[in-house]
Amino acid sequence: MAEASAQNDENHKKAAHGLRLVSRSTHLKEAGLRNLFLLCAFVAVLGVALIFLFVGWRGWSIFSTYGVGAFLGGAEWDPIDGIYGILPLIYGSLVVMGGALALGTPLAVGTAIFLSEIASPRVRSIVRPAVELLAGIPSVIFGFFGLLILRPFIASTSGGLGFGAATAWIILAIMIVPTIATLTEDALGSIQPGIREASYAMGATTWQTVYKVLVPAAKIGIIDAIILGMGRAIGETMAVLMVVGNAPVFPDSVTDPIATLTTQIVIDMPYATGDHRTALFGMAIILFIVSMGLVAAVRLISRLQSAMEANR
Amino acid sequence: SSSGASSAEIIVTGSTTILPIAEIAAEDFTDQHPGTRVLVSGVGSSAGIESVTRGSSDIGTSSRDLKPAEEELGLIDTPIAIDSIAVIVHPSNPVDALTSEQVRQIFSGEITNWSEVGGEDREIGLVNRDEASGTREAFHKIVMGDSKFDRSAAVLPGTGQVRSVVANAEIAVGYISLGFATSDVKVLAIDGVVPTPETVRSGEYPIQRTLHFFTDGEPTGLALEYIDFILSEEVQEGVVRDAGFLPIPREGD
Amino acid sequence: MTRMPAPIVSPTPAAPAPDGPDKITVKGLEFYYGDFHALTDVTVPIKSTAVTAFIGPSGCGKSTFIRCFNRMNDLIPGTRLEGKVTLDGQDIYAPGVDPVDLRRRVGMIFQQPNPFPMSIYDNVAFGPRLHGITKKSELDDLVRDSLDRANLWKEVKDILGRGGLTLSGGQQQRLCIARVLAVQPEVLLMDEPCSAIDPTSVQKIEDLMAVLKESITIIIVTHNMQQAARVSDFTAFFLQEVAGEAAVLVEYDRTTNVFTSPRDKRTEDYITGRFG
Amino acid sequence: MTRMPAPIVSPTPAAPAPDGPDKITVKGLEFYYGDFHALTDVTVPIKSTAVTAFIGPSGCGKSTFIRCFNRMNDLIPGTRLEGKVTLDGQDIYAPGVDPVDLRRRVGMIFQQPNPFPMSIYDNVAFGPRLHGITKKSELDDLVRDSLDRANLWKEVKDILGRGGLTLSGGQQQRLCIARVLAVQPEVLLMDEPCSAIDPTSVQKIEDLMAVLKESITIIIVTHNMQQAARVSDFTAFFLQEVAGEAAVLVEYDRTTNVFTSPRDKRTEDYITGRFG
Amino acid sequence: MSKRIANQIALALLWTSALTTVAVLFAVILYVVVNGIGQLSLGFIFTWPRGVNAEGGVWPTIVSTLYVTALAMVIVTPIAILAAVYLAEYAVQGRLVSIIRCAADTLASVPSIVMGLFGLALFVEAAHIGFSMLSAALALTFLMLPIVMRTTEEAIRAVPKYIRWGSYGLGATKWQTVRRTVLPAAMPRILTGLILATGRAVGETAVVIYTMGQAINMPVSPLDSGRPMTVHLYLLAMEGINLPAAYGTALLLMIMILGFNLSARYLLRRTRKV
Ligand SMILES: Nc1ncnc2c1ncn2[C@@H]1O[C@H](COP(=O)(O)OP(=O)(O)OP(=O)(O)O)[C@@H](O)[C@H]1O
Ligand SMILES: Nc1ncnc2c1ncn2[C@@H]1O[C@H](COP(=O)(O)OP(=O)(O)OP(=O)(O)O)[C@@H](O)[C@H]1O
Ligand SMILES: [Mg+2]
Ligand SMILES: [Mg+2]
């Protein structure tokens, strides 16, 4: 007891020093670091601004000199003659993206549901890495694969050249599967586990649980995933370039050559000068705006979602 | 070889078609002549001719003949290779020969079915090269004249791909440098002439052009040595053939 | 050092439970999560139309055990069960038994109220729809009836279209009960149904249990010993004596006996709060 | 319907606590998480070199309150505090007061043992190093001494280089206590320090508290009323009566009084387990 | 019984989609391996391409790829990690943070061809850096920044808050807490994110094609141009004359990228166990 009270006294003595105030140097140091970190975080903002500025700077004049309507609405792309209508390219991008989504989404969502709801840990430990590795394979290798394996196959089944939207759909569908599947799996995984349990406990089968409870509950996340897959599809360049055939026209069939915004940029860039080059940068502006629009859509949807939840 | 030319430098500017030959030859050349430098750049034939005229380069390379206006500049022409373009189809295609006019009509989209040129009743699958390609440029100039290429043709940025696409699509037609034509595609006779080294050299085969080096006056010093190197059997049978061109006929031939 | 003797809980004997037949029996049950042996040698009867409470310290396997009754553990990969569990005399783990159908008969309520993210009506109609009832009038009746039995009808009858998640925690839990009642289960499993809700709601749910047990068999897991003493007729006490080893059923008896004269020293220690 | 009367906890009076001066005083404290008013009008003294227990149902703001003593709530954006909290008579929320230094003097132990992902030695040496002690021999002494006071030295003296996370839960919690003791705090805040660990370790930590409180002031949050009764000299009971409204301090007194003759009906209801 | 049949059919379809995904992966890998394995040799890896049709090896393209990737990592790592520290530890939810997040999301979704043209316009031309490792690395930096930022932020957020509290509770300042406890605890996952981003950079084509040039060159200084493996593969594949070299390059590229991915997975698994 005596010893304890001795220590007691000591504590009281220490207390006599009183509460220390924040020292100036600590304050400056912490504030300095904080601002440094903020600066780093701002590099992302800087990046977006720079892209907008420089791509815009190079491409903007096509809209003013050539005319927005003629550029976006023109049905002919013939740079040799100074005709820069990109409607066929926009059409090509949309067709290629649409088909890839139609093929890839069920595959991806199915894979995600499989991973999160059905696979045993063993099977999952094979399938999930496979999906992740698929995401890591460079697009030029998919293009290579598409060019040398898929195109001849399509050629022999369709009797055509094998280039065209159909070939791009398959390659691109494969490429967007990891994007959509991973995000969908996240969305399914973030559903409160109790809901899943409750459904099974009510006597629902796995499939009933999936489509009556889980998919509705993860709806927003799945839509986000598809939108991001869309962005990936519309921005993909090298793989598509190697399999579409690069004809800037409205094709007669899905096995006829077609071109997209991205592929036309790569095909033309080596020799483009003057207005032609400006037009290619103009196409880049459009791609940039589209990708920004998709990001905005995702954010908007999430915001609507949380607003709805707040209202409930 | 004169070692006196060492530590000298020449500039070679012009045709992108010639760029690969000129560049690779330059590497080999400088390997054999240490201390020399050969700077090669591809900016297009016209720019090459202009730059040698202005004196900003020692050799101007061109994949076309001189225009009348340029002929008055007094440039010395050294042909270095022949670029001959073969029109190719699938081996099973019954069509063996076309006229230049038919080829033009096919590639401009006026003829769209093989039956119109004596083949089966099938669509024609056009395979074109990208616009940056020298082969396309030459083909356009020699065959197409004022006609435009059909824009719905597949555009491939590489010779080998054109060949392999034609090799396994029965409806396809394309064109590549003669030197790259192999037995998995059928080379068509044009205006009744089958392209062979002989018919090309004799000038009977119509789709061909000569690749030139132009110098302002007789080449001397390192430029002469480099040109001689290009014309040597080593380069003619090696690099030139590898690039799909035909060697220039040698004086002894 | 100040130390008070541990306080002793002293309930008065409960009114005798309607000592019906065994609704469920468990014989020599062993349960494994992969390599981890969670429960060993559990043999216990569950009396029909009565409330049986499972108590024990955290991690002793109460949840694991209760989930054996509707084969919810089947959903966790790598689990293994030995021994025999019967419902009305039938082995529920026999080959060919459909767990989906079993779960309809043995309903379950969880610790966290977990309404589906849909309207109150759809929540309750979910089960009947699963099992093929689609007629509107029939569903309407079922929904009203189930909400009524769950003591929630009065509070929600005008807002059936509102999201189930907009209700308060206690209401959500009663909604979950209504949802289960709508499929007319014979057994109701409740895994700590009151630990996440407010005192007033707890009262309501305890009252509800007292009514429900007249028609169905109820099993409740609770960490609140006063609650076990208040609501149950029978009590089973589980204990994992050594961390990492399988838990055992230490004592099973009428609740009155367990709380007033436990046969096992460990039960007494636990009930009097000497650990846990 | 079977219902037993709620059991009553009946502790014997505790030995009188060393009724020292007030180490900490709280006057008219109001606490807000953004718009949510979590605590209202709390006025309470914390006696020096004694154990004060905070009890109350889940969500009543015990953790919120204990975090006011070392300004941990500062770390949660959007929180606001009104009223006055003093340590040795000085307002700890006065402008300019360094919360970093305050936290060194007022140590804290959390519900989940949270050793850093580094060696046992480094865990204990972490605090001293922060505050500028770098001499190896000095650190060695401090580490040994702190581990010794936390009753862990014997168990870990040969494995000081092993990762702190390799220890068992109970050892981890004692490691966390040692880690705090190494910075020689005057007050020790413990937020449910025993709820995540095994019974044997609980015993060890309760013994430890009994020793520590001879030299330092201890505040403990616990949901285990038996534990509160066993270890504390003073007890404060908090209650959030209406969900969504601010919680209040219902009763504060010597632990013996709170458990044997609570002045407030709500305290009695809580202690006897009628809710919570 | 129909619900059971529906269930069976649905399960079969789900299995099919998962197996398709796996099969595609193996098909692509198998295809590249089978065709490329014969090409792989020390000679192929360590010699220069020769002649018009790039006979010989791919050494300068490997060096260019590694060079530009390393350079990009050196630039992006500190910026991304500190930015993530800001977002995870310092930022108060508000306008500023949502602008930064929005920018990072946008950056992450910019098509790589646009990023390539941007690099061309800004670094190669406007800043007069020319076709070079540095231009390509800077353009790649913007590509990788959001990836590394996000994974790092997640890694930091995954550190249990209890660990932070422990540190604060001992009287550590914010920076001390971040540097001594949070970052070390998050480091394995941060590394994983870095490795994955590296894999992404190695496989990138469209960005580097317009910023690094295409000429085969052995880069020494950051201002040298070069041709990375992806561009080499693209040119070989499209030229279609020397396909064996294309297969060999594809296989090397694939080995590098799978190597990065697998090591990232390994790292993550190992740290999960501890
Ligand atoms: N999915 C699982 N995989 C492996 N072990 C598990 C799993 N679920 C539970 N366990 C272990 O089984 C034991 C019993 O867990 P259970 O959840 O049944 O305990 P409990 O008595 O319900 O505890 P509590 O009162 O905390 O809910 C514990 O040791 C737990 O760690
Ligand atoms: N960061 C936060 N933001 C907003 N509200 C909070 C936050 N932390 C706690 N609360 C709310 O403040 C109230 C008190 O919470 P607190 O954690 O202090 O309760 P508690 O008594 O410690 O509960 P428990 O026994 O469950 O630990 C609760 O209603 C809780 O929801
Ligand atoms: Mg449990
Ligand atoms: Mg708490």
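Proteins come first, then strands; the chains are lettered A, B, ... in the order of their sequence lines, and each starts at number 1.
Enclosure of atom CZ in F153(A) is not indicated, since only 12 or fewer non-hydrogen atoms of other residues, nucleotides or ligands lie within 6.0 angstrom. Within 6.0 Å of CZ in F52(A) there are 12 or fewer heavy atoms belonging to other residues, nucleotides or ligands.
By the 4.5 Å heavy-atom criterion applied to side chains, V100(C) and Y200(A) are not counted as neighbours. At a threshold of 4.5 Å between non-hydrogen side-chain atoms, the residues R179(C) and M202(A) count as touching. Residues F116(C) and P216(A) fail the side-chain proximity criterion, which asks for heavy atoms closer than 4.5 Å. Residues Q192(A) and Q112(C) meet the side-chain proximity criterion, which asks for heavy atoms closer than 4.5 Å.
Looking at T206(A), there are no atoms closer than 4.5 Å to chain C (heavy atoms on both sides), in backbone or side chain. Of the atoms belonging to P185(C), not a single heavy atom falls under 4.5 Å from chain A. The contact between R67(C) and chain A is made entirely by side chain atoms (from C-beta outward), counting heavy-atom distances below 4.5 Å. In this structure, chain A has no heavy atom under 4.5 Å from any part of D101(C). Interface remark: P113(C) contributes backbone atoms only to the contact with chain A (heavy atom separation under 4.5 Å).
For the set L167(C), L130(C), L102(C), the count of heavy-atom pairs under 4.5 angstrom toward chain A peaks at L130(C). Per-residue counts of heavy-atom pairs under 4.5 Å with chain C were compared for K212(A), E197(A), Q208(A); the largest is that of E197(A).
Of all heavy-atom pairs between G194(A) and N114(C), the closest is O-ND2, 2.7 Å. Pairing each heavy atom of F126(C) with each of S199(A), the nearest pair is CZ-OG, 3.8 Å. Closest of all the heavy-atom pairs between G203(A) and H131(C) is O-NE2, 3.5 Å.
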